[in-house]
Amino acid sequence: MKITQLHVYPIKSLRGISLPTATFCAQGLAYDRRYILLKPSANGTYKNMFVGEIPEMALFHCKLSALTENSWSHFTVDYRPPSPPAFGQKNPIEIPFSPNLDSPERINIKIHTDPTYPTYRMPDEMSKWFSECFGFPVILAYLGDGLGINMENEKAKSWISSIKPLIPKPDSAINFSDSAALLLSSESSLEDLHPRLGGEKAVLEKFRPNIVVDGEGKAWDEDFWGEVKIVRNGLKIVLTSNCARCTSINVDLDRGKMGVGESGSLLKKMMKDRRIDPGHKWTPVFGRYGFPTQGGEIRVGDEVVVSRRNKEHTVWNGVMPRLTHIDEIAV
């Protein structure tokens with residue numbers, strides 16, 4: 001089995017960047033989901049913007065910057081509406097992957113199981129660019145490391161006892177969050193969705209995976225994967241949870257609106273046989289969440305093997321574990 005695609009999404013819910021190589025870090029893939037767009041409320045709080053609720057977010061494309069010598073210094077966001085926007089076409093904006101955090105205002109949002117998670121408000125000119133594209137006030141915030149929070153309840157203790165034997169350093173700290181470090185999916189499972197859409201085909205990008213494998217023709221086999229290993233260098237990913245799907249997979253990415261026709265009802269069509277997780281009783285599953293146990297480089301074309309297989313489907317219990325630090329593997 002081989003890796004066929006690698007993707008990072010610098011800003012949550014915007015279009016991602018396809019890569020030939022990527023680097024494992026404690027957050028998952030380096031530079032993935034470091035920023036978030038927020039909609040300010042009248043009461044002074046902030047609502048996380050999400051493409052399933054605001055499908056226009058699909059019209060914002062991220063790519064590596066061509067304006068700097070170091071392509072990992074900045075990324076570009078380009079607004080591509082299907083017709084001339086009512087608020088005027090905007091030139092692309094350049095955003096640093098790692099901004100200077102000496103002066104930005106800290107604001108609290110609800111994320112990573114924490115109702116007051118600290119983020120950093122980016123300069124007003126960046127938020128203004130997004131606001132003018134959307135046509136309503138938007139704030140760009142930097143999540144930083146996004147390593148979740150420490151938990152010591154019974155649920156966390158159960159996770160920790162099951163994960164400790166799977167990581168190279170048993171004393172590694174484990175945090176918890178409502179979003180995983182990595183999302184892995186299979187092309188074989190995507191192909192199994194095509195017949196449900198009549199003459200249309202399911203679009204993998206809607207599922208927003210970080211790592212895509214060919215699946216070797218075994219649709220939904222990944223439901224039972226507990227761990228996978230990169231053969232070339234021994235890097236491992238512990239797969240802990242199923243990815244339950246929502247209305248975002250019904251979005252027409254090119255129009256920035258909810259889809260029409262067969263593809264606009266993909267979520268409903270998956271309900272029949274993909275509600276496999278009792279913890280997500282009413283939502284279908286596509287893909288597996290997990291975290292890397294060591295740092296290092298992975299590449300499109302790398303061979304992957306299933307190094308641990310579960311006997312039964314895993315059950316969502318409300319949080320996902322991740323390591324707070326990983327060492328780069330020696331090869």
Reported CG-to-SG distance for the pair Leu14 and Cys62, which is rounded to 0.5 angstrom: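 Reported value, rounded in 0.5 Å steps: 5.0 Å.
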Face-on cation placement of Lys12 at Tyr35 ring, 6.0 Å and 45° thresholds: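 No.
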Ring-face cation of Arg34 near Tyr142 (centre distance under 6.0 Å, axis angle within 45°):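 Relative to the ring axis of Tyr142, which defines the angle, Arg34 lies outside at least one limit.
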[X] versus [Y]: any side-chain heavy-atom pair under 4.5 Å?
X      : Y      : answer
Asp252 : Met258 : no
Asp223 : Ile276 : yes
Thr4   : Val213 : no

side-chain contact (heavy atoms from CB on, under 4.5 Å) between Glu94 and Phe75, intermediate numbers included: CA-CA 6 Å; Glu94 294 277 320; Phe75 64 97; over 6 Å; no
Sub-6.0 Å ring centroid separation between His313 and Phe224: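 Yes; Phe224 has its ring centre under 6.0 Å from that of His313.
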Phe134 and Phe60: CA distance, side-chain angles, deciding distance, ring-ring contact (aromatic ring centres under 6.0 Å, His included) verdict: CA-CA 10 Å; Phe134 281 106; Phe60 294 80; 4.7 Å; yes
Exceeds 12 heavy-atom contacts within 6.0 angstrom, atom CD of Glu312: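 Not buried by this count: 12 neighbours or fewer within 6.0 Å.
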With the threshold set at 4.0 Å, does a side-chain nitrogen-carboxylate oxygen contact exist between [X] and [Y]?
X      : Y      : result
Arg274 : Asp192 : no
Glu227 : Lys229 : no
Asp214 : Lys2   : no
Lys269 : Glu262 : yes
Asp273 : Arg196 : yes
Asp221 : Lys218 : no

Over all atoms of both residues, closest heavy-atom pair of Ala180 and Met320: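 Minimum heavy-atom separation between Ala180 and Met320: CB-SD, 3.5 Å.
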Parallel, tilted or perpendicular, as decided by the 30° and 60° cut-offs, for the rings of Trp316 and His280: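 Judged by the thresholds at 30° and 60°, the geometry between His280 and Trp316 is parallel.
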Ring geometry between Trp220 and Phe286 (parallel below 30°, tilted from 30 to 60°, perpendicular above 60°):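 Ring orientation of Phe286 relative to Trp220: perpendicular.
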Pairs under 3.5 angstrom only: tabulate donor-acceptor contacts from the side chains of residues 146-158 to other protein residues two or more places apart or in another chain.
unit_1 : atom_1 : unit_2 : atom_2 : d
Asn153 : OD1    : Lys155 : N      : 3.3
Asn153 : OD1    : Ala156 : N      : 2.8
Lys155 : NZ     : Asn317 : O      : 2.7

Would you be so kind as to tabulate the donor-acceptor pairs closer than 3.5 Å made by side chains of residues 40-48, with sequence neighbours excluded?
unit_1 : atom_1 : unit_2 : atom_2 : d
Asn43  : OD1    : Thr45  : N      : 3.1
Asn43  : OD1    : Thr45  : OG1    : 2.6
Asn48  : ND2    : Lys110 : O      : 2.9

